[in-house]
A.B. asks: 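Before I ask anything, let me first share the structure, which is written out below as structure tokens.
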2 protein chains.
Amino acid sequence: MTEARGERAGRPPSTSARAVELIALELFGEQGFEDTTVEQIAERAGVSSRTFFRYFDSKASVLWHQFDQEVATLRSAFDAVDDELPLMEAIRVVVVGVNRYRAQDVAELRARMHLIGSVPALAASAASRYEPWEEAVSEYAGRRRGESADALVPLAIGRTTLAACRAAFDRWVAVGDADLTVYLDAALRALATGFVDEPH
Amino acid sequence: MTEARGERAGRPPSTSARAVELIALELFGEQGFEDTTVEQIAERAGVSSRTFFRYFDSKASVLWHQFDQEVATLRSAFDAVDDELPLMEAIRVVVVGVNRYRAQDVAELRARMHLIGSVPALAASAASRYEPWEEAVSEYAGRRRGESADALVPLAIGRTTLAACRAAFDRWVAVGDADLTVYLDAALRALATGFVDEPH
DNA sequence: TTGCTTCTGTCATGGTGTGACAGTATCGTC
DNA sequence: GACGATACTGTCACACCATGACAGAAGCAA
């Protein structure tokens, strides 16, 4: 009978996932990912390490907290895109559009992507984190092509789209002379042409 | 001065990486990857768990022992391929050719790929293991296009080629009604066309 | 036998991640 | 204000992975 709850109940959380995330990013930047223990993060956040693992599944999960939420954005963008566009063009428009980060977030994004790219343990965790993102693309491709998202080509489209975007991210982190969207657009255009040898 | 060694020296190994690998695969099949401890593998192999970690970097590394050696095969195949072929066609020919596994190895390959696809910890380890494979493709693409392998497009070609192959592998493991090379060929042909919507 | 080399086991240790359980802080209700 | 329900927290114990240090074992060559 006590179903409908007004606002909240029980003891309020000591902190928030976002706050812990920022502390973790700070420590990772100071002394590296491997040399930072969960206990250090928890201590600076004012909680026990046991509580850290209630906020995040693993030490690596901290880096993906923001990203996980962006998959929903991606899905809704696919729902809104014009289906008159050729398939790969629609995907490019959606992906580039979703990645127009606000200027204030660029520094944090860059730090995060740099860590993911340079720390083996984080690169390893990437695969499972990117999976929902890939699936969103595969499902759109399947819908457009009238097949299951599990079919070979939709699956390949999801995977290769992510692969092209990761290449763009890596180049952007390494060079960074232009906006991220420029790199993404170039990589996805190349993918859509099948990487033809440009006649010069 | 004791440089040139005849055959061998020192205490001979108790076992071999290959023998430990087969034991591990057996145990993983029986009771799953997570529920198999390194100590169990080592015990059945007649060594201590410390010695296991001298044979393999980690528990997951066992699954990649064979794969690591195939990258050399891939590289030499790229050296031998006809450069007159269009770039993506050459890549397809090389990759499909390298994957013509002998019939006797198919069962083991399938078991391995199934584990890699279904166990999160193994999927996570995949990224770092595939990296040299991707690089081999990127280097060939860079050579053919007259750019660095680190440039955006060669990097994207390496990553997307692997992504397409992984899609083929997954479908082959799930369905498996035809030869692996059929799936690889189809995925790489689709990639080379930029996933155009087939007119029917 | 001696010395060198290579592989091995034992021991100790640090770190991740989880289950069990009790404690604490807030709610709504009487 | 006392009460129970709820949600979060800390402490404790534990299994497992992975690594460094060190000594012992087993082969070769002189």
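Letters A, B, ... mirror the listed sequences (proteins, then strands); counts begin at 1.
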A.B. asks: On the nucleotide C:dC7, are OP1 or OP2 found under 4.0 Å from the side-chain N or O atoms that B:Ser14 carries?
C.D. replies: no
A.B. asks: How about A:His114: does its NE2 atom have over 12 heavy atoms from other parts shown lying under 6.0 Å from it?
C.D. replies: no
A.B. asks: Rounded to whole Å, please give me the gap between CG in A:Asp35 and P in C:dG15.
C.D. replies: 9 Å
A.B. asks: Answer yes if the side chains of B:Asp83 and B:Tyr140 hold a donor-acceptor pair under 3.5 Å, and no otherwise.
C.D. replies: yes
A.B. asks: Does one side chain, of A:Ser61 or A:Arg129, offer a donor that lies under 3.5 Å from an acceptor on the other?
C.D. replies: yes
A.B. asks: Can you check each nucleotide of nucleotides 17-24 of chain D against protein heavy atoms at under 4.0 Å and return B for base, S for sugar-phosphate only, - for none, in 5' to 3' order?
C.D. replies: SBBBB--B
A.B. asks: Taking 4.0 Å as the cut-off, does a side-chain nitrogen or oxygen of B:Tyr55 come that near to OP1 or OP2 on C:dT8?
C.D. replies: yes
A.B. asks: Please answer whether the main-chain N or O of B:Pro154 pairs with a side-chain N or O of B:Ser138 as donor and acceptor at a distance below 3.5 Å.
C.D. replies: yes
A.B. asks: C:dT16 P sits how many Å from A:Ile41 CD1, rounded?
C.D. replies: 8 Å
A.B. asks: Strictly distance-based, threshold 3.5 Å: is any side-chain N or O of A:Arg44 a donor or acceptor partner for the main-chain N or O of A:Ala24?
C.D. replies: no
A.B. asks: Does B:Met88 reach the side chain of B:Ile157, with side-chain heavy atoms less than 4.5 Å apart?
C.D. replies: yes
